[in-house]
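Reading through the structure tokens given below for one structure.
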Amino acid sequence: MKLLEERIKEDGLVLPGNVLKVNSFLNHQIDPELMNTVGQEFAHLFRDNNITRILTVESSGIAPAIMTGLALHVPVLFARKTKSSTMNNSLYTADVYSYTKKVTNKISVDQKFLLPTDNVLIIDDFLANGQAVSGLLEICRQAQAHVEGAGIVIEKAFQTGGAMLREQGVRVESLARIASFEDDTVHFVKE
Ligand code: 5GP
């Protein structure tokens with residue numbers, strides 16, 4: 001997505017450890033118009049998949065997920081990283097190692113919001129080693145929900161997650177694919 005690539009070039013900051021900081025439009029401050037365009041693009045890509053629910057993980061996945069849910073007219077469910085006191089029902093859970101925070105979170109969703117009849121679209125902000133998406137896939141597996149694919153805002157294609165998921169047969173659609181951060185500059189995969 002050209003608009004997204006331009007924004008990453010303009011505002012993205014390459015940090016040590018192959019981390020891209022995009023907190024002016026995605027990870028802290030959010031650009032709602034850009035997120036709306038992102039949501040419409042995911043909705044377009046998965047328009048024939050009869051998506052019934054969007055699944056993401058808090059917090060940075062929520063903005064693109066909610067715009068996708070709005071465009072597809074389906075509910076948006078986000079896995080929580082900490083158990084809320086209001087979550088008294090049975091949960092589906094998975095362990096997710098965080099690439100940026102170097103901690104393992106137990107993510108969970110209330111069983112009543114994910115059904116075996118669901119056709120799920122997973123949405124996340126970044127794809128690096130695929131831990132977050134794998135955790136969400138595991139939650140869908142427990143719920144016996146069908147996963148139609150994963151929509152990723154920014155894929156770091158030089159890391160292992162994208163290949164690992166595609167080898168498993170998961171349809172992964174990424175709106176910006178980064179080939180490298182050579183010379184602290186963002187280089188995109190040439191399609
Ligand atoms: P993975 O689970 O695929 O290894 O990493 C994806 C998760 O880690 C995303 O949900 C995102 O929050 C975080 N993440 C991974 N790489 C980056 C990055 O370069 N920049 C930012 N801001 N977050 C990242």
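Atoms within each ligand, like the ligands themselves, are counted from 1 in listed order. Heads up: numbering here begins at 1 and tracks the sequence.
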Distance only, no hydrogens: is a donor on one side chain within 3.5 Å (strictly under) of an acceptor on the other, for N105 and D95? no

Assess whether salt bridge (Lys or Arg N to Asp or Glu O under 4.0 Å) is satisfied between K2 and E41, documenting all intermediate values. CA-CA 12 Å; K2 208 79 220 127; E41 186 64 22; over 6 Å; no

Show the numbers, then the answer: is there a ring pair (Phe, Tyr, Trp, His ring centres under 6.0 Å) between F158 and F181? CA-CA 9 Å; F158 58 90; F181 290 141; 5.4 Å; yes

Which pairs would a plain distance check flag for residues 115-122, meaning a side-chain donor or acceptor within less than 3.5 Å of a matching protein atom at least two apart in sequence or in another chain?
{"from": "D118", "atom 1": "OD1", "to": "T52", "atom 2": "OG1", "distance (Å)": "2.6"}
{"from": "D118", "atom 1": "OD1", "to": "R53", "atom 2": "NE", "distance (Å)": "3.4"}
{"from": "D118", "atom 1": "OD2", "to": "R53", "atom 2": "NE", "distance (Å)": "2.7"}
{"from": "D118", "atom 1": "OD2", "to": "R53", "atom 2": "NH2", "distance (Å)": "3.2"}
{"from": "D118", "atom 1": "OD2", "to": "L115", "atom 2": "N", "distance (Å)": "2.9"}
{"from": "N119", "atom 1": "ND2", "to": "N50", "atom 2": "O", "distance (Å)": "3.1"}

Chain-and-number sorted residues having a heavy-atom contact under 4.0 Å with ligand 1 are N18, V19, L20, N27, Y99, T100, D124, D125, F126, L127, A128, N129, G130, Q131, A132, K156

Here the side-chain hydrogen bond (donor to acceptor under 3.5 Å, both in side chains) pairs for residues 9-24, sequence neighbours left out, are R7-D11, D11-S24

E173: partners by salt bridge (charged side-chain N to carboxylate O under 4.0 Å, His left out), with sequence neighbours left out: R171

